[in-house]
Amino acid sequence: MWTWFHKLGSPPWMYRISGRILAILLPLTVAMLVVGAVWGLLYAPMDFKQGNSFRIIYFHVPASVVALAGYYVMAIAGAVSLIWRMKMAEVAMKCAAPVGAALTFLSLLSGAIWGKPTWGTYWVWDARITSMLILFFLYLGVIVLYQAYENKEAAGKACAVLSLVGMVNIPIIYKSVDWWYSLHQPATIKFTEESTMHSSMLQPLLLMILAFYCLFTCALLLNMRSELLRRGVGTSWVRALAVN
Amino acid sequence: MSLPTPSLAAFLSASLRRQLLLAYRRPVDTINPLLFFLLVVTLFPLGIGPDPAQLAEFAPGILWIVALLASLMAAEGMFRQDYEDGSLEQLLLSPQPLYLASLTYSFAHWLVTGVPLTLLSPLFATMLQLPVAALPVLLASMALGTAILSLVGSIGAALTVSLKRGGMLISLIIVPLYIPVLIFAAGAVRFAAEGFDPAPQLLLLAGMLSLSVALAPFAISAGLRISVDAG
Amino acid sequence: MSLPTPSLAAFLSASLRRQLLLAYRRPVDTINPLLFFLLVVTLFPLGIGPDPAQLAEFAPGILWIVALLASLMAAEGMFRQDYEDGSLEQLLLSPQPLYLASLTYSFAHWLVTGVPLTLLSPLFATMLQLPVAALPVLLASMALGTAILSLVGSIGAALTVSLKRGGMLISLIIVPLYIPVLIFAAGAVRFAAEGFDPAPQLLLLAGMLSLSVALAPFAISAGLRISVDAG
Amino acid sequence: MLAVRGLGLERGGRALLAGLDLDISSGQMVLIEGPNGSGKTTLLRSLAGLSRLGLSGRIDAQCDELLYLGHRAGIKQLLTPRENLAWACHSQGWNPAHIDSALERVGLSGRADLFCQHLSAGQQRRVNLARLYLSFDAQRERSLWLLDEPFTAIDRGGVAELANTMAQQVRRGGSVVLTSHQDLPLDIPLRRVVLGGAQ
Amino acid sequence: MLAVRGLGLERGGRALLAGLDLDISSGQMVLIEGPNGSGKTTLLRSLAGLSRLGLSGRIDAQCDELLYLGHRAGIKQLLTPRENLAWACHSQGWNPAHIDSALERVGLSGRADLFCQHLSAGQQRRVNLARLYLSFDAQRERSLWLLDEPFTAIDRGGVAELANTMAQQVRRGGSVVLTSHQDLPLDIPLRRVVLGGAQ
Ligand code: HEM
Ligand SMILES: Nc1ncnc2c1ncn2[C@@H]1O[C@H](COP(=O)(O)OP(=O)(O)OP(=O)(O)O)[C@@H](O)[C@H]1O
Ligand SMILES: Nc1ncnc2c1ncn2[C@@H]1O[C@H](COP(=O)(O)OP(=O)(O)OP(=O)(O)O)[C@@H](O)[C@H]1O
Ligand SMILES: [Mg+2]
Ligand SMILES: [Mg+2]
């Protein structure tokens, strides 16, 4: 077990393995995205009340779901880096932040675009929307803090602490926002919460969600590889790579 | 490295006294949040129009948003001085447990900003036409809420203190963490104002407070160590 | 004491470049007012409820109060660094005219905080459901208003920079100067939102701006001299 | 009292020092020399355990008391010298009764109740140096002083007095690690560690 | 170049110095001595015109250039040495072309493009001292240097180099007023002004 753990900590090994994983996962992801998108955008039946505008759901919902999961990945990586002083975990944490933030932004953006046809406005303060926005802030906080530190080793530690604090808070935040929203039954259109979607709409959605999970993994790994190279400049294994 | 630990209680009380003395020597730190609070509360009628009914309806929210901003601004400079003049280094080197030491920082910060805000909040509340019936709940929510804000704020301050002119970065870090406090505290006051029972929210606040009292010091001390090291 | 004055224009542009370079080295300082704005704009619906109609009505006031707070926070640390690292002493000693030098400080501060706020304000406005028709006026009022805030804020910063204690007096003096800006700027936006003609308020703002461009630098340079001497 | 094995420090990708072995037993006075930027402060800070970034190798400190005085004075401008020292006593567990004599010895008895912000550069350093006397009076076994340019801004009289105190500390079985660009008026054996000019 | 008549300085109700007459003609080097807290910094700051509070008497400075280097380094942590000096050149009207040679002479050519926050204590002081070379190269008539403990944190080599520069400045007809607690390696006549120990 420990040898494995040790391996996980070594950049060259990680670089090699991630390379192998990506070789398989990347094409798979692309395939799933294409299939899901075509299926959802072209073949899935049109929503009777929203028309075609609802098809954006095939990007919006996966983005939203994976964005949240991404934060936990980041925070747990941070915890590992703090507890076992494991460089690799720190790299993972650092690299997860921008990916997660991007997905969050995609969710916000797609949602906003979706909002125009459905609610006639780009933005409403719905519970899910609001908590998504807050999640976006949490991501930004980690990214900006990392940038603000001159010394990247310190930056890593600081961000690890911050993301842990954030992880403790996320459930509280989500609960509180839900409560807040239920408190003021607002006059706005509500999400059709437990959506009674026809399975022919649901299947491509599930596929897209799976695809987005893979997408997150790929982006994370790619990000980590470049970071590893950046940090490893001058070390033997990077030189070895450069040679061949 | 084994060092004999001198009387802990004496140290903690001394460190608390020291912070309060410094605050007293520098009253601006205490007055500014209040002043700020007063200012913004007066700005609101100017900004959104003086209709009493409306004001009354939004008083809880407004009061709590301002309280939140006030304690945010106060949190920013919490460790700055100690960092720059090297007191922080000495604190880290002292054999005393950093966990408790950082707790005293948050506690002092609360005494200096949270308590005055709490005590004056009824005044501001009446300026915003908040029904008198809600004042006790306002006080309770303020006392609990500002304490949480102080603890969470210290985390942000500790993590950012070494960043030259890190400035308002702290707001990005901790405002998201403030949000539950805002929601439940403002909710409690609103409930009270509308005649419902605010007990659940107050209990929730109490729970969050005990949680942050237990956990925040870890984050704070970690943050301080990192900052001193990076400086 | 007669000193040869080197090319003034070169000095001013250099001094401006220097400030912008410093801001660029600390991008946080530029982003922070924006993030702060965004965060606080988020706090309001959480505090007072998400009903778009209500929000739309309060949008002008809220936007302007937050803009005021953002530039207030940014102004606070304006000369702090230069004072502590001694750059201010050197500036006072240099043969260059302090009046213009201090003007560059305010100008740089506006470029770094005011302009970004102005440019992004439409985004925040839409989040608060401000009618699109009012956006141009919002932009105009922001551009004018933040400039005034920067100048007035510099006065406060210059007077308070050396004060290790006290200083609340100054904030008392400065804060009231902010209020007219708030009233007229928020008023202009509200007028625009409700379909009236906001020209008078905007003209008033322009007048206040030219007035402060002319006078503020005197106060600023005087403040800086006093601060360095007292320090 | 202090054992350093294969210590390496790097800053900004450049190695400040590498493979440093250093044993400081009680009763030793070590002077760390080197031109500006050779890494003295960084070394002292890592010995004190204040900086771990970019550090490799092992540092074991076996001491009952570790006192570090760095470039930063570590005193509060809004507290008086006496108040500052009282705080130091609490955090280090020294006896506050000795504060007056310490202030006496750094020649600040006349300024004991003036805010430190009004003190001159040297006087502020002296407030900080008073810690040495307090630590000395605490009579701790195995006490280790890490002093980064302790003579900065101190006048001649002060320098002599200070050097004398260090000598006593060493005789008493404590040890002192210091950096300085001035040559010290010392009558006791001095061990020199020279850091190469990374400049 | 500088004429002081009946200068009195008081701080916190206590007179630091009273009735000081001082004439500094070109080509003179004046060393202001005195124990910590005797008022050297305060005096220098009032000569520079930086502090007027609690000041009585008259100070006439007849010089084309007045350069004051105090306890505060006056450099920006987030700028590189080169950028810092470029700024100094603009504000003082010096020729930026000389920056490189100045950095060379303070031994920072290797660090010219590193943020000053990464520099060591001495290196930061050296960035500040580079102003002296710039001013020297500007060849101004009647240039007056007011240096408050210029040798702080500077290593031996630096001190020698620096003293040498001051000597040249004096030979060239400029004048130097400095305070220092170290004795300087100088081969030129030195006028001493001793301030009584207000300590
Ligand atoms: C936690 C984050 C989010 C999740 C899990 C989420 C999930 C969903 C789901 C499942 C639907 C489909 C509902 C239906 O069956 O019609 C939906 C619809 C929608 N979402 Fe989101 N969403 C999130 C955030 C957002 C955000 C941030 C926005 C806007 C900025 C947004 C705007 C919309 C809109 C406009 C619709 C279509 C209107 C409707 O179907 O009621 N959502 N979202
Ligand atoms: N981020 C960085 N990039 C490059 N060099 C750095 C960085 N941080 C520190 N350094 C270098 O590390 C050294 C720090 O040395 P340190 O402060 O220990 O010097 P010192 O021996 O105390 O010098 P002094 O005698 O002036 O106090 C300096 O040479 C500095 O230039
Ligand atoms: N407000 C005040 N009240 C009382 N004394 C004061 C006040 N302000 C300054 N002083 C005294 O004035 C003196 C300031 O002297 P100054 O800083 O010029 O000393 P210095 O000669 O530069 O000393 P050093 O060699 O340490 O730099 C100090 O003795 C200080 O105690
Ligand atoms: Mg050093
Ligand atoms: Mg002095």
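All chains are named by letter (A, B, ...) in the order of the sequence lines, taking the proteins before the strands, and each is independently numbered beginning at 1.
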Student: Rounded to the nearest 0.5 Å, what's the gap from CG on L182(B) to CG on L46(C)? Could you check?
Tutor: 6.0 Å
Student: Under a 4.5 Å heavy-atom cutoff, which of R80(C), E84(C), Q54(C) has the most pairs with chain B?
Tutor: Q54(C)
Student: Where on V189(C) is there a heavy atom nearer than 4.5 Å to chain B: the side chain, the backbone, both, or neither?
Tutor: neither
Student: What donor-acceptor contacts under 3.5 angstrom involve side-chain atoms of residues 62-70 of chain B, with partners at least two apart or in another chain?
Tutor:
unit_1, atom_1, unit_2, atom_2, d
W64(B), NE1, S141(B), OG, 3.2

Student: Could you check L35(C) against S171(B) for side-chain contact (heavy atoms from CB on, under 4.5 Å), going step by step and ending with a plain yes or no?
Tutor: CA-CA 8 Å; L35(C) 288 173; S171(B) 58; 5.6 Å; no
Student: Applying side chain to side chain contact (heavy atoms under 4.5 Å, CB included), can you list everything that pairs with L211(B), at least two apart in sequence or on another chain?
Tutor: V168(A), I172(A), L215(B)
Student: Determine the minimum heavy-atom distance between P176(B) and L39(C), stating which atoms define it.
Tutor: CD-CD2, 4.3 Å
Student: Given a strict heavy-atom distance threshold of 4.5 Å, which part of L43(C) is in contact with chain B: side chain, backbone, both, or neither?
Tutor: both
Student: Answer whether the closest heavy-atom distance between the side chains of V175(B) and F36(C) falls below 4.5 Å.
Tutor: no
Student: Given that the side chain runs from C-beta out, which part of F44(C) has a heavy atom under 4.5 Å from chain B: side chain, backbone, both or neither?
Tutor: both
